[in-house]
Amino acid sequence: MTVMFPWMRRGIPRRCRCLLHSAVQLLCCAFAVFIFALLFILFFRAILIQHRLDVELGARPEETKDLVDEARSMERAERLAGALKIPTISYKTDQQETQAFHTLHDYLQKSFPIIHSHPAVKREIVNELSLLYTVHGTKSGNIPYLLASHLDVVPVNEKGWAHPPFGGFIANNTYIYGRGAIDDKGGVLGILEALEYLLEQGYRPHRTFFIAFGHDEEVSGKRGAQEIAKLLQQRGIKELDFVLDEGFPVSDELIPGTSRPVAMVGVSEKGTATVELSVTGTPGHSSFPPAESAIGILAAALARLEHNPLPSMFGYGPEKNMFEYIAPHVSSFYKTVYSNLWFFGKMMEYKMESQPITNAFVRTTTAITLFHGGVKENIVPPSATAVVNFRIHPAQTVNEVVDYTRNIIADPRVQLKIKRSRESHPVSPHGPHSVQYQMVSTSIRQIFRQAIVVPAVFIANTDTRWYLNFTTNLYRFLPTMVKLSDVPRYHGNNERISVEHFHQAVNFYYRVMKNADLLILNGHTTRPFAAEL
Ligand SMILES: CCCCCCCC/C=C\CCCCCCCC(=O)N[C@@H](CCCCN)C(=O)O
Ligand SMILES: [Zn+2]
Ligand SMILES: [Zn+2]
């Protein structure tokens, strides 16, 4: 049976029919070759990236038995709960619950007697409320490193909590509830528990390291981490080997294509700009109002901003790297997608934009956080102000974001004032030759055995900004598991950490302290790390 194509009908001369037929055949072949070549390129890239990363990352670290004893994990959880009872709240710069910080200092001193009486450890109070610990190593001549966390917490909305936010409640011996459980007293207590155990075991760290606990991270770090950084500089510390501060937690159910948890290590962090928008009106009697009020004009401008988010920058920043690192660990379909963002970028972008937490990876985010206007119900408002907090994607600058905002608002009656701003941080080394990154990655995989470790851009801000002059190796990571459904607990209601996950946090810091010592050979910081483990 012959198939009759439209161009083979009798009305068309035979010669033309043949020519048309051949042309269509040729086009079909060309299309098939194109599809075949495209598939080949996509798969080839996926295989190439997998091979490159296999070579780079090496084998999963051996399971280590050198860990913190699990038997005392409940005792440690109770110590964390005790710290959560102390309301070290930061409201604004220089507006803090100052007395609570002194109480917390005393509490830490009593809770960790070995650290606070050990001859190798010096504890200092910096600028009245921050803490700096220097742990003197036995081998001199190495570049010290710094572990950071913060003592302050954000305010709470008591009504939304199932258990009092400063009650230090442990539910069913499972979850430790309280403001600061994950942000960031879990980090403070995690580091101290690890060091206490290390010293209790009679281990003396080979290399010197600092533990920096700022007291105002949540409102800038200017009085805390900045002062600690100044003090280190005054003491002649010019260089730190690496800085490890709070960051992304280990998360599962988040990356399509794998059921394994993903540990994103922040190798950079987004920039930020806090912009105040204001409109001035003419006050008057509300019985004969103007057509547009200051509040109405400002509200309309804000609505335009929310309806016109900054364009996606997906694929233009370091996030491309993150997906390439995930690629070797996911199903073939996703392997091909993640290794070829140049081709599948739009599809991924669409998926990422669908949830606030993943949207934050894709673009500069716009958050309207404050609004004030009006003085009385029957007075036309004399003014209205709002504050918009942008978190800037590394592929954009503060100026670009402000220009974009001005263009979208497009109303000269709305005045813009930049209150605070900062460009995104430089990207820290994270390849096979960065022994510091590999050390952090190894420590993560020793504790979170199933985790896929990938570099990422941290979507919020940390105290690392104050240590940028000391090192290029700044890493942001929170050694605990957080599920997608737990993300709203950050700065939200019912913040909590499980006893098991807190134990993992302690273990992670313990491994870092041990592994960081393996970075030195013959008394000097050395490389490569992998060979040392
Ligand atoms: C493929 C994407 C998968 C996404 C998975 C994301 C899971 C991440 C979960 C939580 C991230 C929350 C980040 C919490 C930030 C904590 C640090 C913080 O609060 N910093 C403050 C500093 C304020 C400084 C004064 N301006 C902040 O950034 O506001
Ligand atoms: Zn924090
Ligand atoms: Zn925070």
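Order of appearance sets the numbers: ligands from 1, and atoms from 1 within every ligand. No hydrogens, no waters, no symmetry mates; every other heavy atom, side chains included, goes into these values.
Each of the atoms 16 (C), 19 (O) of ligand 1 lies under 4.0 Å from some heavy atom of Asp183. Residue-ligand proximity, His491 to ligand 1, at heavy-atom distances under 4.0 Å covers atoms 19 (O). Which parts of ligand 1 touch Glu218 is read off a 4.0 Å heavy-atom cut-off, strictly below it: atoms 19 (O), 21 (C), 23 (C), 25 (C). Distances below 4.0 Å separate heavy atoms of Met322 from the following atoms of ligand 1: 1 (C).
Taking a 4.0 Å cut-off on heavy atoms, Thr462 fails to register as neighbouring ligand 1. Residue contacts with ligand 1 include Ile255, since one or more of its heavy atoms lies under 4.0 Å from the ligand. Within the 4.0 Å heavy-atom shell around ligand 1 one does not find Arg420.
For Asp252 and Lys483, the salt-bridge test passes: some basic side-chain N is under 4.0 Å from an acidic carboxylate O. Look at Arg465 and Glu269 and you find no salt bridge, because none of the NZ, NE, NH1 or NH2 atoms lies under 4.0 Å from a carboxylate O. Arg489 and Glu495 are not joined by a salt bridge, as no carboxylate oxygen comes within less than 4.0 angstrom of a charged side-chain nitrogen.
Residue Arg391 places at least one N or O, backbone or side chain, under 3.5 Å from an N or O of ligand 1.
Ranking protein heavy atoms by distance to atom 7 (C) of ligand 1, first place goes to Leu254 CD1, 3.8 Å. Ranking the protein heavy atoms by distance from atom 10 (C) of ligand 1 puts Tyr490 CE1, 3.4 Å first.
Taking the six-membered ring where the residue is Trp, the centroids of Phe248 and Phe361 are separated by under 6.0 Å. Centroid-to-centroid, the aromatic rings of Phe242 and Tyr475 stay 6.0 Å apart or farther.
Ring geometry, Tyr175 versus Tyr177: the interplanar angle exceeds 60°, so the pair is classed perpendicular (tilted spans 30 to 60°). Note: Phe470 and Tyr467 have tilted aromatic rings, judged against thresholds of 30 and 60 degrees for the angle between ring planes.
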TODO: Let me see the working for Arg79 and Glu75 under salt bridge (charged side-chain N to carboxylate O under 4.0 Å, His left out), right down to the final yes or no.
DONE: CA-CA 6 Å; Arg79 268 195 291 273; Glu75 199 183 292; 3.6 Å; yes

Acceptor/donor pairs from residues 145-156 side chains to any protein atom, 3.5 angstrom cut, sequence neighbours excluded:
unit_1: Ser149; atom_1: OG; unit_2: Asp184; atom_2: OD2; d: 3.2
unit_1: Ser149; atom_1: OG; unit_2: Val188; atom_2: N; d: 3.4
unit_1: His150; atom_1: ND1; unit_2: Asp152; atom_2: O; d: 2.9
unit_1: His150; atom_1: ND1; unit_2: Asp152; atom_2: OD1; d: 3.0
unit_1: His150; atom_1: NE2; unit_2: Asp183; atom_2: OD1; d: 3.0
unit_1: His150; atom_1: NE2; unit_2: Glu217; atom_2: OE1; d: 3.3
unit_1: His150; atom_1: NE2; unit_2: Glu246; atom_2: OE1; d: 3.4
unit_1: His150; atom_1: NE2; unit_2: Glu246; atom_2: OE2; d: 3.2
unit_1: Asp152; atom_1: OD1; unit_2: Glu217; atom_2: N; d: 3.2
unit_1: Asp152; atom_1: OD2; unit_2: Ser90; atom_2: OG; d: 2.8
unit_1: Asp152; atom_1: OD2; unit_2: Glu217; atom_2: N; d: 3.2
unit_1: Asp152; atom_1: OD2; unit_2: Glu218; atom_2: N; d: 2.9

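Here Val219 has backbone heavy atoms under 4.0 Å from ligand 1, and that is the only part of it that gets that close. With a heavy-atom cut-off of 4.0 Å, Asn461 touches ligand 1 through backbone and side chain alike. Within the 4.0 Å heavy-atom criterion, both parts of Ala460, backbone and side chain, lie near ligand 1. Within the 4.0 Å heavy-atom criterion, neither part of Thr272 lies near ligand 1. Under 4.0 Å from ligand 1, not a single heavy atom of Val154 appears.
Heavy atoms of other residues, nucleotides or ligands lying less than 6.0 angstrom from CG of Asn157 number more than 12.
Partner of Thr274 under the side chain to side chain contact (heavy atoms under 4.5 Å, CB included) criterion, chosen from Val388, Asn389, Leu370, Thr369: Asn389.
The Zn ion (ligand 2) has no N, O or S atom of Glu217 closer than 2.8 Å.
Annotation: salt bridge (Lys or Arg N to Asp or Glu O under 4.0 Å) contacts of Asp106 (sequence neighbours excluded): none.
To the nearest 10 degrees, the angle centred on the Zn ion (ligand 2) between NE2 in His150 and OE2 in Glu246 reads 90°. Centred on the Zn ion (ligand 3), the angle running from Glu218 (OE1) to His491 (NE2) is recorded as 90°, rounding to 10°.
The N, O or S atom of Asp183 lying closest to the Zn ion (ligand 2) is OD1.
For the pair Asp94/Arg223, a side-chain contact is recorded, criterion being any heavy-atom separation below 4.5 Å from C-beta on.
For atom 13 (C) of ligand 1, the candidate residues are Phe458, Phe248, Phe361; the nearest heavy-atom contact is made by Phe458. The heavy atom nearest to atom 22 (C) of ligand 1, considering only His150, Lys483, Arg489, Glu217, is found in Glu217.
In this structure, atom 20 (N) of ligand 1 is in close contact with the protein, since a protein heavy atom lies within 4.0 Å of it.
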